[in-house]
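Worksheet for the structure shown next.
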There are 2 protein chains.
Amino acid sequence: MGEAQKIVGITAKKESDFFSWYRQVITRTDFVEYYDVSGCYILRPGSMYVWNKIKAFFTEKIEDLGVEEAYFPLFVTAQSLKKESAHVEGFEAEVAWITHAGKTPLAEPIAIRPTSETIIYPYCAKWIKSHRDLPMQLNQWCNAVRWEFSHPQPFIRSREFLWQEGHSMFQTQAEAEENAHQMLELYRAVYEDLLAVPVVKGRKSEKEKFAGSVYTTTVEAIIPTTGKAVQAATSHFLGQNFSRMFDVSFECSEGESHAGEKKKQHVWQTSWGLTTRSIGVMTMVHGDDRGLVIPPRVAQVQAVIIPCGVSKKTTEETRAKMDEAIERVERRLKTAKIRAKKDTRENYTVGWKFNRWELLGTPLRIEIGPRDLERGEVRAVHRVDGFSSQIKLGELEAEVERALGEIHAKMFSKAKEAQEEKIKRVDTFEEAVESMREKVLLVPWCGGVECETRVREKSKQRSVTRDGEEASGIKSLCIPSGQECTEKKRCFHCGEDTSSLALFGRSY
Amino acid sequence: MGEAQKIVGITAKKESDFFSWYRQVITRTDFVEYYDVSGCYILRPGSMYVWNKIKAFFTEKIEDLGVEEAYFPLFVTAQSLKKESAHVEGFEAEVAWITHAGKTPLAEPIAIRPTSETIIYPYCAKWIKSHRDLPMQLNQWCNAVRWEFSHPQPFIRSREFLWQEGHSMFQTQAEAEENAHQMLELYRAVYEDLLAVPVVKGRKSEKEKFAGSVYTTTVEAIIPTTGKAVQAATSHFLGQNFSRMFDVSFECSEGESHAGEKKKQHVWQTSWGLTTRSIGVMTMVHGDDRGLVIPPRVAQVQAVIIPCGVSKKTTEETRAKMDEAIERVERRLKTAKIRAKKDTRENYTVGWKFNRWELLGTPLRIEIGPRDLERGEVRAVHRVDGFSSQIKLGELEAEVERALGEIHAKMFSKAKEAQEEKIKRVDTFEEAVESMREKVLLVPWCGGVECETRVREKSKQRSVTRDGEEASGIKSLCIPSGQECTEKKRCFHCGEDTSSLALFGRSY
């Protein structure tokens, strides 16, 4: 076996050494390269492909809702950034400041956007005059920077990240609240319908909400292997907090004018964002000990075609037939808009190819051998569970299409099962602490800010650290939608009466 | 006429006050908003639409050439940036430096990418091992920052800009050189085939080439109104300059191995970039005293449909017929993939609408009145030259499609004529100085670095400044392809023998 034949696969096990496993799975594929500025990562073509698929899916949906694309500057003055005080407090420690251009010191330091509310809204105040200018819905795909000092993790927690940030302005509170929930539903769709990752929809606690918002809605994902949660995407109802601060107002329509004078009102706002974190969640949820497992709808190669069963004894004639058949299968699938790719490289063994494409997470492997061809068949193997079946060449396109749909469904239900298995319903703080290392906890909770602060502190003290891992307490993840208790309960921590359930857990 | 009826058009004239005209034309449309960090601008949906069209067009072409999309960090360490000394000198004064995160000073300042050669190539050195890994062609769509201190101009010269930067690596010099020219040809296509802007293809002088390259190829655009040139996009042949510095090398194939040992070679490289500057060039070249003129292939609305000839006397029946006809025309055009939009707003007059859509630069206006309908016709008016014709409803889709093609062709040839009129062939420095305020000059030139420096200094001294405008000399724009003199000439400045012609002029 020559050098080219060496199998560079995954040696760490997902269950027993998740951290090494994740690092291997993203760096030994074409996903990520670590970079020499800590907390920054290179997104290689494999992961950019997934991001572009998410982008295309989401763009189409929001265009249908009337959202337009814009681009706002990377830079923000200290004055603008600090105008909304509750908001800036949420980011202040993480803001990167530019102080010099070349060797020339700037008159005032300039910040890099951690998010763009304070960049965008002063200008919306200029653009919005009348009710006819509403709704105004803008979205940008860009980079943002939060110079976090906690442990970085590619995709999940990086100092620079790619995202979309949407900013919508409406005449009424009802429209804005509806929009916040509409966007959350699109985020659910990105995760569940595109990435096959189940999420829990809900609302953030007062303590965990976005700085400056009235409330934050969220989709939370759970990484079953670690029992930790990830905030997967958020949509904020901002009320009139920012529009008052930046005076974003409009003249009401005639019907609402008062004594001939047109009434001015502040707009009702939302903002909503989804980041490259989604790629990390997808990787952590689906990947296994052989590598990535990519959901079919975002896979660059959905079906890899590999010739099998050719040996030194194979005749020239059979070889020629094989070549032709493989060529035809690829062409037919591509014509049917299935992203297929044949791997006919001669300097690699069949075994090496199997391993390589499994490492890359390709959803479906199509094996073509001389005997299959004689029977007018090919073999199809599902990456997610190794399921294999024979496909009649006559039904190739339809069968491959069906298989890809099935693979998506299997990936989702497998992940959903694992997620549900990780959620534990408990009633007391003691029970919560006992299970917090393995589980995400569904608890009756009062929602209080102080109560949450105490839960975090106390659970952190009780956290058992292993292998140099940082002690981490639990925090509220969300108050899941439609989970109200039917009867009154007592808060799992402070004992106060409550009728709502919340998810608590360790979080990335 | 109510407030909503006020016509906010262009008051400055393009010919007599170009600066004010440009500012008005981009800010009174949905193109640009000035921002409170000098040299940074907000790209509003109108201009982002054009950028996204350019992106889609170019992405499709480079994918066909095997280029893959990646994303490299915004940040670069001082050490990496300074590794290639010839290269960094080109940007040093313009690099923005981050020194603090929150209130914490960074151990070392970190730069924001002015371009990514020094960010990308150390990692290519890790990824490329064998000839089998080549060619490697990566492209990213991102923001970059050059903190220029000269006069900023939206799109044309901004501190933050959006662009694509492509980086290709090959086994041989011939492949790399071919690639550099291939990319330049795609840039020509973006300008001429998409934006209807004629460009001159050529090569930069030694003095004006990209820092670190062996040579730079360029497409240059000319703004006829000012007689100034714009570097519209560049493609650099980097040779092995960077690959030696960052040790990007590969093992040759068996055939080229020497005495059993595999021979290592450095890769041959190109880099190539196109920026949002293209939107500014398009605006400056095509716009007129009534506003923007958008080329059909990048127009968000290609055909606006406006009801005309409805008055108080119009019967209910006719109104209903009109409504239905307009609805049907819009639907038919959209079905035929023509970006059509009806403007049936009742609170604006027909005159206001005509002015508004002309300001926005919509290529084709379709007027529908009761009399047109009786004849089974609509009226079509071309934005570029006011040409109008009747279109039979039966031939609607085909005729509108044809009109859009015609408009593109007219815009291109109008711009081409204006460009050619601006290029003057002269033989002496005196003639050049005399015409340099109005024209771009085609001159026999030796190509010398010192000669160019002297031309710039001397012409700057001779430059007549008006109205507080900065004195500006001429520099070489490019050595146009296929413009070699048939006979020997003497350099227009230093008198040395030469056989090549160069374009010299004032430049943005």
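The analysis underlying the following values was restricted to heavy atoms, covering all of them including side chains, and did not include hydrogens, waters or symmetry mates. Sequence lines set the chain letters: A, B, ... in the order given, protein chains first and strands last, and positions in each chain run from 1.
The part of B:Tyr34 that comes within reach of chain A is its backbone (N, CA, C, O), which places non-hydrogen atoms under 4.5 angstrom from that chain. The part of B:Val145 that comes within reach of chain A is its side chain, from C-beta onward, which places non-hydrogen atoms under 4.5 angstrom from that chain. With a 4.5 angstrom heavy-atom cutoff, B:Tyr41 touches chain A only via backbone atoms. Of the atoms belonging to A:Ala96, heavy atoms from both backbone and side chain fall under 4.5 Å from chain B. Heavy-atom distances place no part of B:Thr276 under 4.5 Å from chain A, backbone and side chain included. At a 4.5 Å heavy-atom cutoff, the contact between B:Asp36 and chain A is made by backbone and side-chain atoms alike. Contacts of A:Thr104 with chain B are made by side-chain atoms alone, with heavy-atom separations under 4.5 Å and no backbone atom involved. For B:Glu108, no part lies near chain A; criterion is any non-hydrogen pair under 4.5 Å. Heavy atoms closer than 4.5 Å to chain B are found in the side chain of A:Ile110, but not in its backbone. When heavy atoms are compared at a cutoff of 4.5 Å, B:Phe75 approaches chain A by way of both its backbone and its side chain. Within the 4.5 angstrom heavy-atom criterion, only side-chain atoms of A:Gln300, from C-beta onward, approach chain B. Heavy atoms of B:Asn52 lying under 4.5 Å from chain A belong exclusively to its side chain.
Looking at A:Ile42 and B:Trp127, their side chains come closer than 4.5 Å, going by heavy atoms from C-beta outward. Under the 4.5 Å side-chain criterion, counting only non-hydrogen atoms from C-beta, B:Val76 is not in contact with A:Val37. For the pair A:Pro45/B:Leu138, a side-chain contact is recorded, criterion being any heavy-atom separation below 4.5 Å from C-beta on. The closest side-chain heavy-atom distance from B:His100 to A:Val95 is not below 4.5 Å. Put simply, the side chain of B:Tyr71 reaches to within 4.5 Å of the side chain of A:Glu160, judged on heavy atoms.
Other residues, nucleotides and ligands place no more than 12 heavy atoms under 6.0 Å from the NZ atom of A:Lys341.
The distance from the CE atom of A:Met48 to the CD atom of B:Glu68 is 11.5 Å, given to the nearest 0.5 Å. Atom CZ of residue A:Phe72 and atom CZ of residue B:Arg44 lie 8.0 Å apart, to the nearest 0.5 angstrom. Annotation: the span from A:Lys126 atom NZ to B:Thr27 atom OG1 amounts to 8.0 Å, rounded to 0.5 Å.
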Show, in sequence, the C-alpha distance, side-chain angles and deciding distance for B:Ile112 and A:Ile112, and conclude whether the side-chain contact (heavy atoms from CB on, under 4.5 Å) test is met. CA-CA 10 Å; B:Ile112 299 191; A:Ile112 298 189; 3.6 Å; yes
Applying side-chain hydrogen bond (donor to acceptor under 3.5 Å, both in side chains) to A:Glu69 and B:Trp51, what does each step give before you reach the verdict? CA-CA 10 Å; A:Glu69 195 170 326; B:Trp51 185 237; over 6 Å; no
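Between chain B and the options A:Tyr49, A:Trp147, A:Tyr123, heavy-atom pairs under 4.5 Å are most frequent for A:Tyr123. Ranked by heavy-atom pairs under 4.5 Å with chain B, the first of A:Ile120, A:Asp30, A:Thr99 is A:Thr99. Each of A:Leu43, A:Ile119, A:Leu106 has some count of heavy-atom pairs under 4.5 Å with chain B, and the biggest count is that of A:Leu43.
Among B:Pro122, B:Ser80, B:Pro73, the one residue that satisfies the side-chain contact (heavy atoms from CB on, under 4.5 Å) test with A:Tyr35 is B:Pro73.
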